[in-house]
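Taking it in order: structure first as structure tokens, then the write-up.
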Amino acid sequence: MLFEPRSGRLAAWGNALLAGLVSPDEAAMSIVGEDAVHRVEGLPDEAGPVGLTLALGRLRALGVTGLRVALPAPGHPLGLSGPPEFNARALEAEEAVVAVGAAVGLVPEVAEAGPAGDVHVSVTWHVLPVREAPPADVPSLSEAERELAEALREATVVLTRLDVAGSGPVAEAALSAYRARAEAGQDALAPGYPARAVRVLALAQRVDLMVSLAYESGHGGAVAASEMAARAEALRPVERVARRALVAAYNSAVEARERG
């Protein structure tokens, strides 16, 4: 339930590798996480898919100096810069990674196989050309942190009034899992990220969890059509703010290096 996009892991640990802060094997293992395997397809001079370690080395040889995250949604091309073909693939996947220093981006394709409880997840990252231009609608860390605090306050008031903020054993279990992961540091960014980015990422994930719980709680006390509409109206901007904050956190290492 916690929102940790695969593009975030690829960008965070790829940036740590490019900065010389982790080894190629450590970066690849952290990017794969609980998935079975990740492969990269479409790299120049490679006839077929290759492993992450080789792919990250190839990207560096192409001149890539950093990796940014894009988390687009319909009507909100967050983090994208074009062309339309890449934007469409990224929108379908709901995430992408855009390279800095070379006009390429990576879009994940996820495949699952196996019975419930023993699902085998494989990811293929498709390398595609991108337009070298500023990413769309990405805030600074300070802006993202301020937006999150304001949105969380406003949404909490509305959702509490409508009795749809998420409650019961499922919600409690999800919140307990979040606290355990946070205490264990499992949601921290890779080496090289500022402390503020870690704080913003954690808050954005918490906000995303609250939104997910509110959606999954059904209609709650919002039985009237007007109240259901008010709930959706309260959640929509919070979702948008949380995604903007996630992108700001993952991209902060690149932004810091570009500032010198």
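- Between the Glu143 side chain and the Ser140 main chain, a donor and an acceptor come within less than 3.5 Å of each other.
- Here CD of Glu95 is found 9.5 Å from CG of Leu10. Values are rounded to the nearest 0.5 Å.
- Of all heavy-atom pairs spanning Val107 and Ala93, the tightest one is CG1-CB, 3.7 Å.
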Worksheet item: Would Val207 and Val241 satisfy side-chain contact (heavy atoms from CB on, under 4.5 Å), going step by step from the backbone distance to the final call?
Response: CA-CA 9 Å; Val207 170; Val241 166; over 6 Å; no
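- Taken to the nearest 0.5 Å, the CG atom of Leu201 stands 9.5 Å off from the OH atom of Tyr193.
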Discussion item. Let's go through Val100 and Glu258 carefully: what are the C-alpha distance in whole Å and the side-chain angles of both, what is the deciding distance for side-chain contact (heavy atoms from CB on, under 4.5 Å) to 0.1 Å, and is it a yes or a no?
Written reply: CA-CA 10 Å; Val100 178; Glu258 289 184 343; 3.7 Å; yes
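- His126 has its side chain out of reach of Pro108: every pair of non-hydrogen atoms, C-beta onward, lies at least 4.5 Å apart.
- Leu56 and Val123 fall within a single hydrophobic cluster, where Ile, Leu, Val, Met, Phe, Trp and Tyr side chains are chained together by heavy-atom contacts under 4.5 Å.
- For the residue pair Asn15/Tyr250, the side-chain donor-acceptor check at 3.5 Å is not satisfied.
- Side-chain contact between Val104 and Pro129 is absent, with no heavy-atom pair separated by less than 4.5 Å.
- Here Leu78 contributes atom CG and Arg244 contributes atom CZ; the two are 7.0 Å apart, rounded to the nearest 0.5 Å.
- Residue Leu59 forms a side chain to side chain contact (heavy atoms under 4.5 Å, CB included) with just one option from Leu18, Val64, Leu17, and that option is Val64.
- Atom OG of residue Ser81 and atom CG of residue Asn87 lie 7.0 Å apart, to the nearest 0.5 angstrom.
- Nearest heavy atoms, Ala249 versus Leu189: O-CD1, 4.0 Å.
- A side-chain donor from one of His76 and Arg243 sits under 3.5 Å from a side-chain acceptor of the other.
- Contact detail for Val98 and Gly79: the closest heavy-atom pair is CG2-O, 4.2 Å.
- Leu91 and Leu80 are not part of a single hydrophobic cluster, where members link through side-chain heavy atoms under 4.5 Å apart.
- Residues Val69 and Leu246 are members of one and the same hydrophobic cluster, defined by side-chain heavy-atom contacts under 4.5 angstrom among Ile, Leu, Val, Met, Phe, Trp and Tyr.
- Residues Leu54 and Leu52 fall within the same hydrophobic cluster, defined by Ile, Leu, Val, Met, Phe, Trp and Tyr side chains chained together at heavy-atom separations under 4.5 Å.
- Between His120 and Glu112, the side chains place no donor N or O within less than 3.5 Å of an acceptor N or O (distance only, hydrogens not considered).
- Distance CG/Leu141 to CZ/Arg199: 9.0 Å, rounded to 0.5 Å.
- When all heavy atoms of Ala16 and Pro191 are compared, the pair lying nearest together is CB-O, 3.5 Å.
- Contact check on Asp35 versus Arg6 returns a salt bridge, with a Lys/Arg side-chain nitrogen under 4.0 Å from an Asp/Glu carboxylate oxygen.
- For the residue pair Phe86 and Leu106, the shortest heavy atom distance occurs at CE1-N, 3.9 Å.
- Between Glu255 and Arg68, at least one side-chain N (NZ, or NE/NH1/NH2) sits under 4.0 Å from a carboxylate O, which counts as a salt bridge.
- Inter-residue side-chain proximity for Arg131 and Pro84 is flagged as met; some heavy-atom pair is nearer than 4.5 Å.
- Smallest separation of non-hydrogen atoms from Ala28 and Thr53: CB-OG1, 3.6 Å.
- In this structure, the side chains of Arg240 and Asp137 come closer than 4.5 Å at one or more pairs of heavy atoms.
- Screening Glu41, Glu109, His38 against Trp125 for a side chain to side chain donor-acceptor pair (under 3.5 Å) leaves a single residue, His38.
- Under the 4.5 Å side-chain heavy-atom criterion for Ile, Leu, Val, Met, Phe, Trp and Tyr, Val50 and Leu67 are members of the same hydrophobic cluster.
- Residues Pro5 and Leu71 form a side-chain contact, since some pair of their non-hydrogen atoms from C-beta on lies under 4.5 Å apart.
- Note that CD of Glu26 and OG of Ser23 are 5.0 Å apart. Values are rounded to the nearest 0.5 Å.
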